[in-house]
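Quick notes on the structure that follows.
Chain letters run A, B, ... following the sequence lines, proteins first, then strands; residues in each count from 1. Since the model is a prediction, treat every value here as computed from it, not as a measurement.
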There are 4 protein chains.
Amino acid sequence: MGAVKTKRMPRAVREQQMLDAAVRIFAQRGYTAASMDDIAELAGVSKPLVYLYLNSKEDLFSAVIRREAGALTAAVRAAVHPERTADRRLWDGLLAFFTHTARHPDAWTVLHLHARTHGEPFAAEVAAMRAETVAFVTQLVAAAARDEGAPCSGGTGSGDTRRVRLAEQEVAGIAEALVGAAESLAAWANSAGRVTARQTAATLMNVAWTGLGGLVAGRSWSPPAE
Amino acid sequence: MGAVKTKRMPRAVREQQMLDAAVRIFAQRGYTAASMDDIAELAGVSKPLVYLYLNSKEDLFSAVIRREAGALTAAVRAAVHPERTADRRLWDGLLAFFTHTARHPDAWTVLHLHARTHGEPFAAEVAAMRAETVAFVTQLVAAAARDEGAPCSGGTGSGDTRRVRLAEQEVAGIAEALVGAAESLAAWANSAGRVTARQTAATLMNVAWTGLGGLVAGRSWSPPAE
Amino acid sequence: MGAVKTKRMPRAVREQQMLDAAVRIFAQRGYTAASMDDIAELAGVSKPLVYLYLNSKEDLFSAVIRREAGALTAAVRAAVHPERTADRRLWDGLLAFFTHTARHPDAWTVLHLHARTHGEPFAAEVAAMRAETVAFVTQLVAAAARDEGAPCSGGTGSGDTRRVRLAEQEVAGIAEALVGAAESLAAWANSAGRVTARQTAATLMNVAWTGLGGLVAGRSWSPPAE
Amino acid sequence: MGAVKTKRMPRAVREQQMLDAAVRIFAQRGYTAASMDDIAELAGVSKPLVYLYLNSKEDLFSAVIRREAGALTAAVRAAVHPERTADRRLWDGLLAFFTHTARHPDAWTVLHLHARTHGEPFAAEVAAMRAETVAFVTQLVAAAARDEGAPCSGGTGSGDTRRVRLAEQEVAGIAEALVGAAESLAAWANSAGRVTARQTAATLMNVAWTGLGGLVAGRSWSPPAE
DNA sequence: TATGAATGAGCGTTCATTCAT
DNA sequence: TATGAATGAACGCTCATTCAT
């Protein structure tokens with residue numbers, strides 16, 4: 001499983017090998033229990049080289065988080081096109097998110113499970129990624145309130161003047177709930193196996209967009225053809 | 001912050017003090033990074049006494065998880081009355097859940113963040129608690145499909161025969177999403193401060209029951225008077 | 001295996017129970033690895049009581065050694081009658097020795113294996129016992145030189161004037177060799193099982209009295225009828 | 001007494017230094033009471049280096065036993081020439097044995113006193129060495145019975161048909177007695193000081209070959225000229 | 001006579017980190 | 001660019017021993 005012991009590689013390549021190894025080890029053991037020995041061995045290099053390139057265990061962990069958070073963020077960003085409707089953008093983002101986390105389960109484990117477990121240096125890194133995600137969702141909710149129009153004719157009998165009454169403060173909570181649901185589902189899909197990213201995204205889209213009340217009442221949301 | 005150094009207490013009392021200290025330390029540092037020295041010091045006793053009563057770090061962590069998981073489960077169970085409607089039961093459960101996690105933030109951090117990070121001995125403990133929760137939610141969804149009747153007259157134009165079409169498999173995903181959202185919200189409410197359990201519960205109830213689409217369309221769910 | 005937990009026993013009895021337990025534990029684990037907890041538990045008393053009666057681990061070990069060394073010495077002394085011939089006295093002593101060690105294997109293990117392993121407090125205790133044994137054997141050798149007379153007519157051709165030429169210094173070595181052989185044989189007989197004390201004594205008597213050279217030449221020594 | 005603190009030595013050299021230190025400490029204190037700190041300090045290195053090279057206390061002890069048992073066995077084997085007579089081979093073996101144990105008293109203390117005190121991992125190592133020794137002696141006894149011929153004409157009056165009547169079972173006891181005597185004598189010679197290996201070997205040869213009875217009757221065995 | 005409660009000191013082991021080459 | 005040699009500091013755990021009753 002360890003990288004083939006090739007000598008005299010350019011620094012950039014060696015660094016990526018180390019980060020690859022670090023992601024695996026950190027995911028399997030967690031930050032504290034992971035040892036620099038294990039990482040160096042899996043990377044196929046000596047320990048001093050790891051320190052030469054990455055300085056310390058903290059820095060190494062930070063580098064891992066930055067790289068993986070960046071990759072995940074980029075994948076989602078690339079999938080969302082601003083000219084589409086709000087629900088379509090939400091769908092595209094979720095699909096990209098679940099696809100990426102399914103393809104990089106170790107990375108997701110580190111970001112979701114381990115990075116938040118430890119003091120300031122790392123929490124900040126992850127918080128930044130999360131903040132972007134929450135901003136993205138918040139923006140979607142606002143956009144949805146603009147785009148979408150007609151309330152359900154029945155409703156609570158209050159007519160269309162009610163819409164867009166989402167208090168600023170509540171939006172944060174809603175976004176947090178959505179992101180939390182997505183995060184949990186990503187870990188669940190990875191560990192349960194046998195669930196595709198599309199299915200996971202559709203499930204979340206249904207409960208998030210239509211709501212439990214709507215679902216049991218027969219409403220549902222359908223993903224675009226492909 | 002450490003407990004007052006009182007001497008010669010009966011075993012049962014000392015044990016609870018130790019568990020209290022352990023919850024704090026485990027929450028702040030995580031299982032691996034927490035040290036038995038720190039726990040003993042915070043509990044106001046010497047390390048050997050911790051070992052005499054709790055046997056090992058693993059056993060101590062297990063005891064913490066069992067105690068806290070039991071307390072949380074009990075709080076939720078006590079709040080839910082089976083003769084009420086599905087949405088009312090969901091509300092009651094959520095409110096009890098967020099109230100308890102707000103009152104015991106360290107316990108929730110341990111259960112949510114740290115306990116799942118480590119191998120079989122602990123994961124099983126937490127998995128049991130989570131399984132009960134998921135079963136509770138699943139049951140609610142099914143009950144909702146029975147209780148509630150009339151679909152939104154407009155809807156997607158498909159009439160009332162559509163309801164109850166939730167595939168068995170999808171229910172697992174929905175429950176997971178809900179539980180995940182609740183878990184994340186609990187941590188968020190704790191860290192953000194300034195958000196009451198009622199508000200958190202209402203937020204989740206809205207997004208979960210009414211859905212984002214419904215919310216922007218003006219529908220919303222209102223908590224019972226008291 | 002532990003003594004039945006009877007309360008309020010006279011001190012002398014309790015002390016013997018503790019020594020009994022200590023002999024077993026010390027024999028099984030050795031002095032350093034044996035724990036006062038184990039000994040107290042096997043004795044069926046609390047640890048402070050052991051300290052109340054025996055003061056410390058060192059004192060406890062000393063007490064064990066003194067008791068067991070005394071018992072062994074007494075058994076041998078009782079078996080040897082000064083009015084008998086030298087070889088008969090040697091035989092009686094050996095038989096008593098092997099009989100006692102076979103009946104108290106744990107005691108012998110402590111005396112032979114563990115007591116000599118540790119610094120001055122204990123070595124002295126055992127050395128005293130050993131000194132008595134060596135003196136006893138030395139005396140026998142001297143007595144034999146007086147009692148017994150005729151040299152083997154062949155010999156190295158040197159006639160009977162040669163006898164009693166055992167240098168003082170050599171006698172110590174001879175006694176040491178005999179005692180060492182006996183000690184090893186005792187442990188061997190205990191661990192091998194299935195060898196009676198009589199057989200063991202006869203074996204040693206043969207090799208010690210007749211010598212290997214004599215044995216292969218057809219000489220041998222026969223134990224008294226019973 | 002500790003090795004001079006020389007830095008940056010090749011691994012093989014450091015390992016031998018560690019084993020040297022371990023032999024001394026184990027001999028002085030016994031396995032359980034010896035501490036890795038003491039060994040590391042005497043070896044002139046830090047404790048982690050000892051673990052890096054020798055893995056654990058058990059492994060270190062095993063390595064010590066293997067090295068010292070091998071050296072002793074080799075020394076004896078090199079001294080014994082199969083074409084010589086039985087008594088000469090016995091003499092050569094004993095002389096080599098006492099010479100080696102006199103030169104390496106700590107090693108002998110570990111092998112004789114401490115290694116047999118502890119459970120399977122170590123006992124096996126020593127048992128192998130001892131088994132070889134016993135086999136060697138057994139073979140000598142058998143060879144002696146072949147080589148040597150004429151019984152002492154007097155004897156116990158039983159004629160020459162008596163020889164070679166050593167029961168298989170008894171040979172094991174005789175070998176054990178001889179080996180035990182030798183082992184004890186080695187420790188005794190070391191602790192008493194002032195006794196040469198030649199003297200010790202001669203003493204044992206006399207009592208073992210000629211027998212106490214023979215000795216007091218004027219017979220004796222003389223070592224070869226040089 | 002007897003014990004539940006408690007601890008200072010130490011041990012085997014591991015880890016992040018550095019030095020010298 | 002790359003590594004073999006080496007360590008200070010800490011951690012989980014245990015033990016002989018005492019205090020208060």
Report the residues that fulfil side chain to side chain contact (heavy atoms under 4.5 Å, CB included) with D/Glu58, sequence neighbours left out, ordered by chain and then residue number.
-> D/Tyr31, D/Ser56, D/Pro121, D/Phe122
Determine which bases of DNA chain E form Watson-Crick or G-U wobble pairs with both distances under 3.5 Å, and write the result as a 5' to 3' dot-bracket string with | for other-strand partners.
-> .||||||||||||||||||||
Hey, does A/Arg11 reach any base, or is it just sugar-phosphate, or nothing, if we go heavy atoms under 4.0 Å?
-> nothing
Between the protein and nucleotides 18-21 of chain F, list every N/O to N/O distance that falls short of 3.5 Å.
{"unit_1": "F/dC19", "atom_1": "O2", "unit_2": "B/Arg8", "atom_2": "NH1", "d": "2.9"}
{"unit_1": "F/dC19", "atom_1": "O2", "unit_2": "B/Arg8", "atom_2": "NH2", "d": "3.0"}

Under 4.0 Å between a side-chain N/O of B/Arg14 and OP1 or OP2 of E/dG4, yes or no?
-> no
Quick one: side-chain hydrogen bond (donor to acceptor under 3.5 Å, both in side chains) partners of A/Asp59, sequence neighbours excluded?
-> none
Considering only heavy atoms from C-beta outward, does the side chain of B/Val110 approach that of B/Phe61 to under 4.5 Å?
-> yes
Which of F/dA2, E/dC15, E/dA6 is nearest the side chain of A/Ser35? It is E/dC15
So, do B/Leu54 and B/Met18 sit near enough that their side-chain heavy atoms are less than 4.5 Å apart?
-> yes
Could you note down all residue pairs passing side chain to side chain donor-acceptor pair (under 3.5 Å) where residues 108-117 of chain A supplies at least one of them, sequence neighbours left out?
-> none
Side chains of A/Val23 and A/Arg67 in contact at under 4.5 Å (non-hydrogen atoms) = yes
Look at B/Asp38 together with B/Lys47 and state whether they make a salt bridge at an N to O cut-off of under 4.0 Å.
-> no
Please work out if D/Ala34 contacts a base, only the sugar-phosphate, or nothing of the nucleic acid, heavy-atom cut-off 4.0 Å.
-> sugar-phosphate
Just compare F/dA2, E/dA2, F/dG12 and give me whichever is closest to any side-chain atom of C/Tyr53.
-> E/dA2
Could you pick out which residue, B/Leu52 or D/Asp38, lies toward the 5' side of DNA chain E when each is mapped onto its nearest nucleotide?
-> B/Leu52
D/Asp37 or B/Leu49, whichever maps to the more 5' nucleotide of DNA chain E | B/Leu49
Using a cut-off of 4.0 Å on non-hydrogen atoms, how would the nucleic acid contact of B/Ala33 be classed: base, sugar-phosphate, or nothing?
-> nothing
Considering only heavy atoms, which members of residues 56-68 of chain C lie under 4.0 Å from some atom of DNA chain E?
-> none
